[in-house]
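To keep things clear, I will list the structure first and then write my remarks on it.
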Amino acid sequence: MSIRTNKEAAVKVAANLADSGFAADRREQTLGTALTDYWTRVRSGDLGSLPAILGLVALVTLFTVLRPETFLSKGNIANLFVQALPVTILALGLVFVLLLGEIDLSAGVASGVCAAVMAKLIVEAGQPWFVAVAAALVTGLVIGTAIGALVSLVRIPSFVVTLALFLGLQGITLRLIGDGGTVPVRDDVVVALANRNMPIWLGWVLALVCVAGFAAVELLRHQRQRKRGLAGRPFGVTAARITVLAVAVLGGTYLLSLNRAATPSFDLRGVPWGVPLVALLVVVCTFVLGRTVYGRHVYAVGGNAEAARRAGINVTWIRMSVFMIGSFLAALSGIVLASRLNSVTPDLGANTTLLYAVGAAVIGGTSLFGGKGRAHDALLGGLVIATIDNGLGLLGAKAYANMLITGLVLLFAASIDALARRRRAATGR
Amino acid sequence: MAENAHPVLRLTGVNKSFGAVHVLHDVDFAVHAGKVTALVGDNGAGKSTLIKGIAGIHPFDSGRIEFEGREVVVGGPRDAAALGIEVVYQDLALADNLDIVQNMFLGRERTRGVLLDEASMEQSARETLTRLSVRTVKSVRQQVASLSGGQRQTVAIAKAVLWESKLVILDEPTAALGVAQTRQVLDLIRRLADTGHAVVLISHNMNDVFEVADRITALYLGRVAADVARADVTSTEVVELITAGRSGDLGLATAETL
Ligand SMILES: Nc1ncnc2c1ncn2[C@@H]1O[C@H](COP(=O)(O)OP(=O)(O)O)[C@@H](O)[C@H]1O
Ligand SMILES: [Mg+2]
């Protein structure tokens, strides 16, 4: 028996020898092996940003063909960026919630309540913008804390808690604004977020800082991994990542720095103020999720809550905190949306808002099943969603078609997520 | 067996009841550094209860716990961890979506300022795996989901070893494994003992027990039926100790009347 066992083991060991002893860590990674690895990952269901990028390319092509005059006009590209701002911020908050496999159905209407609080304070109480904005953000935190407490302490399923709040919060907005009411938002600073542009020079400076910062972080990490013999990307991949980011950021800045005024006598150019805000948020969230103990614990709880508990992680607090972050970012999203619309109405944040944000996170690559997702998913997915919204607008789609298509897009994204997950389970990823 | 110095852990006269159910009766149990002690017994004999008492999950009602010769109080899991006791539970506590390094340091991440110190964690994880001669892992940055059952068990054990643990307790580590994987894990358990750890192995499998254990402690209905060196018993005798509480002149004197 024992001899037999040894023999079988020996055969197995021999078969595994090529791949054993941290072979993949020691193997000199080249661009070629990295590409093969990437393709293996994609085929085993680890799609990363691929669906979002393919979707973006397909949509841009489609709308360019259907509306060649308007879709790629400079004015519309700037529009598209501004349209993507609130949905991206909302989706960013949802990434944290989705990472735990939870859902926040009230995120959209929470942004409406917070925007209403801000608008009322500015218009009716005559408060300065910073007081109003701070109050809106605190409102978001309070809502998030309430959701978090009900989910993590009382242990009500998050979809029930937030479904109840979905209705309740709309009631609050309605009470604040009044049936059919509108509160105009005219404060210069708030309006500037989505309607004014940075000076051209500032846009370029921030873009360069962004690219240089990313390059520095990537190169330093590469160097450290190299020096200490750690597992890491080959240089070619690091270089490619830096190049892609540089092209995207500098290209975007260039497009937004061209004059996009409809009439030649006007001068309308520059990066909208909301863009660096979103960039900053994505950077901060990337950092928090990827490089801090808190972020690591969020992934751990999303992957296996029991393992996290036994490892001494405060699961209750982690669960509570993601809802607080989600609603806080929802408040910020509401402020930007109010800025874009120049007003707050009772249906701000209702209708398609939440669907768009969940769709953005999922299209970007965040899983509805928890444990998988990154901050930049919200950005890529937000661009895809904004493109759909923008393109349908240019096509003059009717409201019913808009709703149908949005619903289908979310179902489609969720199907890709579910199928990819099955594939990962089957291939052991 | 050479009775050198103190045992790492010595329990004397330990009792534990759950309500009216008296589960552990005056149990004596000792574990030595560099030795694998197999804890065997039928379902419900009290093995898990004994382990949970040591780990501080369900503290004992009475009895004495000595760790490295000093009497200690284990009132909770943190006390046990602070002493250097690590438990590898039957249902492995690993997060599938994290890689090997991340799992090994889960809950005890190293940081520099607010940043995770990935480099130092990766190096320590690799050193530990190398020290245990774990050679079947492709990359320490591999997601745990992509590992085989044996490799997962290996990571769980390595995780326990990483923490300067003196006593590693494994609850049925080979129960769900195939032949080759069981082989890997048994080898690893042997190496754990050879590198100076005290190891407690709970197992139902006599092949496993006789392959790696130095001593065997048999529990029968919450009492210690026998505490013997492996070399002094046969597999048949141990099975009798498990099922009847006695075997020849070994075991409880009045097993039938218990
Ligand atoms: N938390 C508990 N509450 C009440 N009874 C328990 C509890 N844990 C174990 N027991 C009882 O203690 C006895 C021993 O169980 P256990 O230690 O799990 O045995 P083993 O691990 O040897 O199979 C069983 O009769 C079981 O029902
Ligand atoms: Mg048990």
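Throughout, a chain's letter reflects where its sequence line sits, starting with A, and its residues are numbered from 1.
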task: Write out, in numerical order, the residues from residues 292-301 of chain A with a heavy atom short of 4.5 Å from a heavy atom in chain B.
output: A/T292, A/V293, A/R296, A/H297, A/Y299, A/A300
field: Contact origin within B/R110 toward chain A - heavy atom pairs under 4.5 Å
entry: neither
- request: Would you name the heavy atoms of A/L245 and A/V211 that are closest together and state the gap between them?
  value: CD2-CA, 4.2 Å
Pairing of B/D96 and B/R152 as salt bridge, 4.0 angstrom limit: yes
- request: List in chain and number order the residues that pass salt bridge (charged side-chain N to carboxylate O under 4.0 Å, His left out) with B/D79, two or more places apart in sequence or in another chain; answer none if no residue qualifies.
  value: none
Region of B/L115 in contact with chain A, defined by heavy-atom distances below 4.5 Å: both
query: Is it true that B/R183 and B/D187 have a side-chain N and a carboxylate O under 4.0 angstrom from each other?
result: yes
query: Taking only residues two or more places apart in sequence or in another chain, which ones pass salt bridge (charged side-chain N to carboxylate O under 4.0 Å, His left out) with B/K166?
result: B/E68
query: Which atoms of A/I313 come close to chain B, meaning under 4.5 Å heavy atom to heavy atom: side chain ones, backbone ones, both, or neither?
result: side chain
task: For chain A, find which of B/K159, B/R141, B/R126 contributes the most heavy-atom pairs closer than 4.5 angstrom.
output: B/R126
- prompt: For A/E306, what residues pass the salt bridge (charged side-chain N to carboxylate O under 4.0 Å, His left out) criterion, not counting sequence neighbours?
  reply: A/R309, A/R310
message: Are there over 12 heavy-atom neighbours, none belonging to B/R108, within less than 6.0 Å of that residue's CZ?
response: yes
- request: For A/A91 and A/A360, work out which heavy atoms get closest and say how close.
  value: CB-CB, 3.9 Å
field: Engaged part of B/E118 at the chain A interface, taking heavy atoms whose separation is under 4.5 Å
entry: side chain
